[in-house]
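Both counts, for ligands and for their atoms, begin at 1 and track the order of listing. As the structure is a computational prediction, the values presented were derived from the model and not from experiment.
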Amino acid sequence: MAERRTVMSDSVELVEVELAERSYTVSIGQGLLGRMEELLARPYWRRVAVVTDDRVGPLYGATVVSRLKGAGLETFVLEIPSGEPSKTADRAVEIVESLIDSGLTRSDAVFALGGGVVGDLAGFASSVFKRGIDLVQVPTSLLAQVDSSVGGKTAVNVPAAKNQVGTFHQPVAVICDITTLGTLPEQEFRAGLAEVAKYSVLTSRPWGRDLAGEAASLERADAPRLVRLVKECVREKAALVSADEFDHGVRHHLNYGHTLGHALEAEGGYGELYSHGEGVAIGMVFAALVSEAMGLAEPGLADRHRRLLADLALPTAPAGQVPEYGALAGRMALDKKSTGDTVMVLLESEGKPVVKRGIDSGLMEDCYARLIS
Ligand SMILES: NC(=O)c1ccc[n+]([C@@H]2O[C@H](COP(=O)([O-])OP(=O)(O)OC[C@H]3O[C@@H](n4cnc5c(N)ncnc54)[C@H](O)[C@@H]3O)[C@@H](O)[C@H]2O)c1
Ligand SMILES: [Zn+2]
């Protein structure tokens, strides 16, 4: 596994994503948007297109544009409507057309300022425009800071399914300004915490155990603590991406909790019943129950997950209109990580993930019954 370097510099935490000639730095700290030009050194850029959405743009667009213009860059803003429906191929083509109209060349750059939707869409457009130009991720949601902005996966949705069209296009830099999380809607903040919880049970590093003990006291206003948490999550993701950039092996571990999570999200109409984070939280408890039922994990894993997630104010079981197992099983079989049989990331214990194929369907149904009981 590639070595990771984490250093402290002027109160900015730096995490390297080691990918040979495509390596890059993730900068994490407070107030970074107001000094972003210091964190970037690309002397060949002349023009920059800032892709953002109509919620994040009005909040942070002016700061970013003024710093980039101050650094002598001709800067354009492209604003899309916020939300998942914007993540389409048509919208990506519109962005590419705007890049052409703005006169960007292969020596210029796209900045993705926003959550994972902007990051995936702008990432995709930047990867196909002139066969790929520099991309800087400036994630403003917790989910995007700990997950989607790092690792180079880009995507748009097609009517049949989410994220089925995409590329691998690593950013040249990622800038996580924790201060932006102050304006993030509460439900979106919780969604990000589900991914934080996921990393904490996938790792054997001390911060994961510490989170379990201190989750109930986590406050959004505690920026220094959030800087540390985002840094730890980015380190975990960077390690998996460095070891398996194209997702043929250990990068699958990031899918922990997502097998049932995606099925719940889809069955609930994408956000109407379960947000991505809620699905992942419930899916983690389900994966722990399956791990226990298969004899991989000692009893107690699922209960520890429940305590951690409840302390983070996340759900641990479907509530209200509980989906039928049959409908979820069909969706789980369609999961994009599946190669025909049911594939799940399971845990032998915290910090010891394993990928299992061909899991007995009766066992999974029993575990679902225990999850909802
Ligand atoms: N590429 C990857 O590796 C990867 C990994 C995980 C998820 N994703 C993708 O990420 C997307 C989800 O990302 P998301 O949860 O950030 O959703 P999102 O981009 O829709 O952001 C959530 C909402 O919060 C708003 N918002 C974002 N930052 C804000 C801020 N600082 N202040 C106020 N409002 C703010 C957005 O406008 C939006 O309305 C999905 O499309 C998912 O498929 C990609
Ligand atoms: Zn996720």
What is the ring orientation for Trp45 with Phe111, classed by angle as parallel under 30°, tilted 30 to 60°, or perpendicular over 60°?
perpendicular
Does the plane of the ring in His276 sit parallel, tilted or perpendicular to the ring in His262? Use 30° and 60° as the thresholds.
tilted
Using 4.0 Å as the upper bound for N to carboxylate O, is an ion pair formed by [Y] and [X]?
{"X": "Arg106", "Y": "Asp134", "value": "no"}
{"X": "Glu214", "Y": "Arg225", "value": "yes"}
{"X": "Arg209", "Y": "Glu350", "value": "no"}
{"X": "Glu265", "Y": "Lys162", "value": "yes"}
{"X": "Arg22", "Y": "Glu245", "value": "yes"}
{"X": "Arg220", "Y": "Glu186", "value": "yes"}
{"X": "Asp108", "Y": "Arg46", "value": "no"}

What do you reckon, does [X] have a nitrogen or oxygen under 3.5 Å from a nitrogen or oxygen of ligand 1?
{"X": "Arg55", "result": "yes"}
{"X": "Val117", "result": "yes"}
{"X": "Thr140", "result": "yes"}
{"X": "Arg251", "result": "no"}

What part of [X], side chain from CB on, backbone N/CA/C/O, both or neither, has a heavy atom under 4.0 Å from ligand 1?
{"X": "Leu59", "value": "side chain"}
{"X": "Lys237", "value": "side chain"}
{"X": "Pro185", "value": "side chain"}
{"X": "Asp53", "value": "side chain"}
{"X": "Asp120", "value": "side chain"}
{"X": "His276", "value": "neither"}
{"X": "Glu188", "value": "side chain"}

Check for a donor-acceptor pair, side chain of Tyr256 on one end and backbone N or O of Ala287 on the other, with a separation under 3.5 Å.
no
Residue, atom and distance of the protein heavy atom nearest atom 33 (C) of ligand 1 read Thr183 O, 3.1 Å
Give the residue, atom name and distance (to 0.1 Å) of the protein heavy atom nearest atom 29 (C) of ligand 1.
Leu184 CD1, 3.5 Å
Any atoms of ligand 1 less than 4.0 Å from a non-hydrogen atom of [X]? List them with their elements.
{"X": "Lys153", "result": "1 (N), 3 (O)"}
{"X": "Asp147", "result": "5 (C), 6 (C)"}
{"X": "Tyr60", "result": "31 (N)"}
{"X": "Thr180", "result": "30 (C), 31 (N)"}
{"X": "Ser82", "result": "37 (O), 39 (O)"}
{"X": "Leu143", "result": "7 (C), 10 (O), 12 (C), 13 (O), 15 (O)"}
{"X": "Glu84", "result": "40 (C), 41 (O)"}
{"X": "Asn163", "result": "43 (O)"}

Correct closest heavy-atom pair for Gly115 and Ser141 would be CA-OG, 3.6 Å
For Ala215 and Leu308, the nearest pair of non-hydrogen atoms, with its separation, is CB-CD1, 3.9 Å
Would you say Val110 ends up clustered with Leu68 if hydrophobic residues are merged whenever their side chains have heavy atoms under 4.5 Å apart, either directly or through other cluster members?
no
Working to the nearest 0.5 angstrom, can you tell me the gap between Glu195 CD and Glu236 CD?
13.5 Å
As an exercise, state the distance from CG of Leu314 to CZ of Arg190, rounded to the nearest 0.5 Å.
6.5 Å
At a cut-off of 2.8 Å, protein N/O/S around the Zn ion (ligand 2) gives Glu195 OE2, His258 NE2, His276 NE2
Which is closest to atom 13 (O) of ligand 1 in terms of heavy atoms, Gly116, Gly182, Ser275, Pro85?
Gly116
So Glu74 and Lys69, salt bridge (charged side-chain N to carboxylate O under 4.0 Å, His left out) or not? Walk me through it.
CA-CA 6 Å; Glu74 208 177 321; Lys69 283 190 172 164; over 6 Å; no
Output every pair passing ring-ring contact (aromatic ring centres under 6.0 Å, His included) with a member in residues 141-183, not counting sequence neighbours, ordered by first then second residue.
Phe168-Phe246
